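The structure appears below as structure tokens.
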Amino acid sequence: MADRAPFDTNLITVTRFVLEEGSKAKGTGELNQLLNALCTAVKAISSAVRKAGIANLYGLSGSKINVTGDEVKKLDILSNDMVVNMLISSFSTCVLVSEEEKNAIIVEPGTRGKYIVCFDPLDGSSNIDCLGAIGTIFAIYKKTTEGEPNEKDALQSGRNIVAAGYALYGSATMLVFSAGNGVNCFMLDPAIGEFILVNKNVTMKKKGNIYSINEGYSKYFDPAVLEYIKQKKCPKDGSAPYGARYIGSMVADVHRTLMYGGIFLYPANSKSPQGKLRLLYEGNPMAYIIEQAGG
């Protein structure tokens, strides 16, 4: 970015980028409609995050617990409503699966499209009140069955993902996105309200020097995980040890790993033998992004 002119007169926005890629693939434009709707939701969430303290959006929403057993924050509800409403109004979706909804949302026939979206509207919401980095994660699939859409349409392999990505609300707001042709990063320019391409075809380093895991749960880890972490901290071959970084927001930790290299771990343990990452809207989309970046 340092060698750019002070003001770019040929901006590549996320809309332009997807239109160009869709034109090459001779697409219908429906995916572009969906992504435009998601971008609008992300911009609105970004705005809400930045003025959460002023607008009294910190804290818990009350007694509500979501489907995965987490306490729900005020911003969780607001973010979920924004994403749901924008996706429904895009005329491109038929089934929506959200961490904040007990059941899948089946879009009414009049506004129905061909895509299924699984999403976590606000990942890392435990960081909200201390101004930590948080994000939105999404995975997009096509409906592959005949007949009326239902929640089973969303239970597809991650290999069927059409596109996936995440938005990171940190020192800036960034959208990281892939439709199967590499990973591209778009930064929100608040002056013009557009996501601008800043990193094209991001590739992960073959080897990093950072590991990221919540070591507060070490007493519950499998011995193999403990041994692996020990090798990173105290390598026997005389190489430099890995440094530890852990934010507690999967979006922020994975994004740092994408940019700097290294490894992110959130393993199952004796306290949570099935693990805590949700496959549909956390595991699958993040794995897709990392794989597309060569990780």
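All values derive from a computational prediction rather than experimental measurement. Heads up: numbering here begins at 1 and tracks the sequence.
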Inter-residue atom distance [X].[atom1] - [Y].[atom2], 0.5 Å rounding:
X	Y	atom1	atom2	answer
Thr13	Leu188	OG1	CG	12.0 Å
Leu38	Leu87	CG	CG	5.0 Å
Met286	Glu291	CE	CD	14.5 Å
His255	Tyr260	NE2	OH	8.0 Å
Glu194	Ile12	CD	CD1	13.0 Å
Asn214	Leu265	CG	CG	11.5 Å

Side-chain donor/acceptor of [X] to backbone N/O of [Y], under 3.5 Å:
X	Y	result
Lys276	Tyr266	no
Glu100	Leu122	no
Ser79	Asp76	no
Gln33	Ser90	yes
Thr136	Tyr166	no
Ser47	Ala44	no
Asn184	Asn201	yes
Asp253	Met250	no
Thr93	Val95	no
Ser46	Thr173	no

May I ask you to check whether [X] and [Y] show a side-chain donor-acceptor distance below 3.5 Å?
X	Y	value
Thr15	Asn36	yes
Thr145	Lys143	yes
Ser249	Asn127	no

**Derivation of the side chain to side chain contact (heavy atoms under 4.5 Å, CB included) call for Ile140 and Leu35** = CA-CA 10 Å; Ile140 302 168; Leu35 287 169; 4.2 Å; yes
Nearest heavy-atom neighbours spanning [X] and [Y]:
X	Y	value
Arg50	Ala172	NH2-C, 3.5 Å
Cys185	Met174	CB-SD, 3.8 Å
Tyr288	Val162	OH-O, 3.8 Å
Ile137	Tyr281	CG2-O, 3.3 Å
Leu280	Ala139	O-CB, 4.1 Å
Leu34	Val117	CD1-CG2, 3.8 Å

**Item:** Test item: Val225 and Ile213 side chains (from C-beta on) under 4.5 Å apart, heavy atoms
**Value:**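 Touching, per the 4.5 Å side-chain cut-off.
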**Prompt:** Less than 4.5 Å apart, any side-chain heavy atom of Lys233 and any of Tyr242?
**Reply:**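 With C-beta onward as the side chain, the pair stays apart.
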**Request:** Go through the steps for Arg112 and Glu148 under the test salt bridge (charged side-chain N to carboxylate O under 4.0 Å, His left out), then give the verdict.
**Result:** CA-CA 11 Å; Arg112 192 175 287 169; Glu148 285 292 300; 3.2 Å; yes
**Item:** Residues that Thr111 engages under side-chain contact (heavy atoms from CB on, under 4.5 Å), provided they are two or more places apart
**Value:**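 Only Ile88, Phe91, Val107, Glu108 meet the side-chain contact (heavy atoms from CB on, under 4.5 Å) criterion with Thr111.
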**Asked** More than 12 non-hydrogen atoms from neighbouring residues, nucleotides or ligands closer than 6.0 Å to NZ on Lys114, yes or no?
**Response**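 Result for NZ/Lys114: enclosed.
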**Message:** For Asn103 and Glu151: C-alpha separation, side-chain torsions, deciding distance, then whether side-chain hydrogen bond (donor to acceptor under 3.5 Å, both in side chains) applies.
**Reply:** CA-CA 8 Å; Asn103 300 308; Glu151 63 182 18; over 6 Å; no
**Request:** Mind running side chain to side chain contact (heavy atoms under 4.5 Å, CB included) on Arg256 and Phe264 for me, showing each step along the way?
**Result:** CA-CA 9 Å; Arg256 183 195 55 249; Phe264 169 78; 5.6 Å; no
**Message:** Applying ring pair (Phe, Tyr, Trp, His ring centres under 6.0 Å) to Phe177 and Phe17, what does each step give before you reach the verdict?
**Reply:** CA-CA 11 Å; Phe177 170 76; Phe17 182 86; 7.3 Å; no
**Prompt:** Is Ile263 reachable from Leu258 through a run of I, L, V, M, F, W or Y residues, each pair having side-chain heavy atoms under 4.5 Å apart?
**Reply:**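 Different clusters: Leu258 never reaches Ile263 through Ile, Leu, Val, Met, Phe, Trp or Tyr contacts under 4.5 Å.
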**Asked** Same hydrophobic cluster for Met86 and Leu175, using side-chain heavy-atom links shorter than 4.5 Å among ILVMFWY?
**Response**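 Different clusters: Met86 never reaches Leu175 through Ile, Leu, Val, Met, Phe, Trp or Tyr contacts under 4.5 Å.
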**Asked** What's the verdict on side chain to side chain contact (heavy atoms under 4.5 Å, CB included) for Val14 and Leu197, showing C-alpha distance, side-chain angles and the deciding distance?
**Response** CA-CA 7 Å; Val14 67; Leu197 181 65; over 6 Å; no
**Message:** Assess the residue pair Tyr141 and Asn284 against the criterion (side chain to side chain contact (heavy atoms under 4.5 Å, CB included)); give the C-alpha distance rounded to whole Å, side-chain angles, the decisive distance to 0.1 Å, and a yes or no.
**Reply:** CA-CA 11 Å; Tyr141 302 83; Asn284 279 346; 3.3 Å; yes
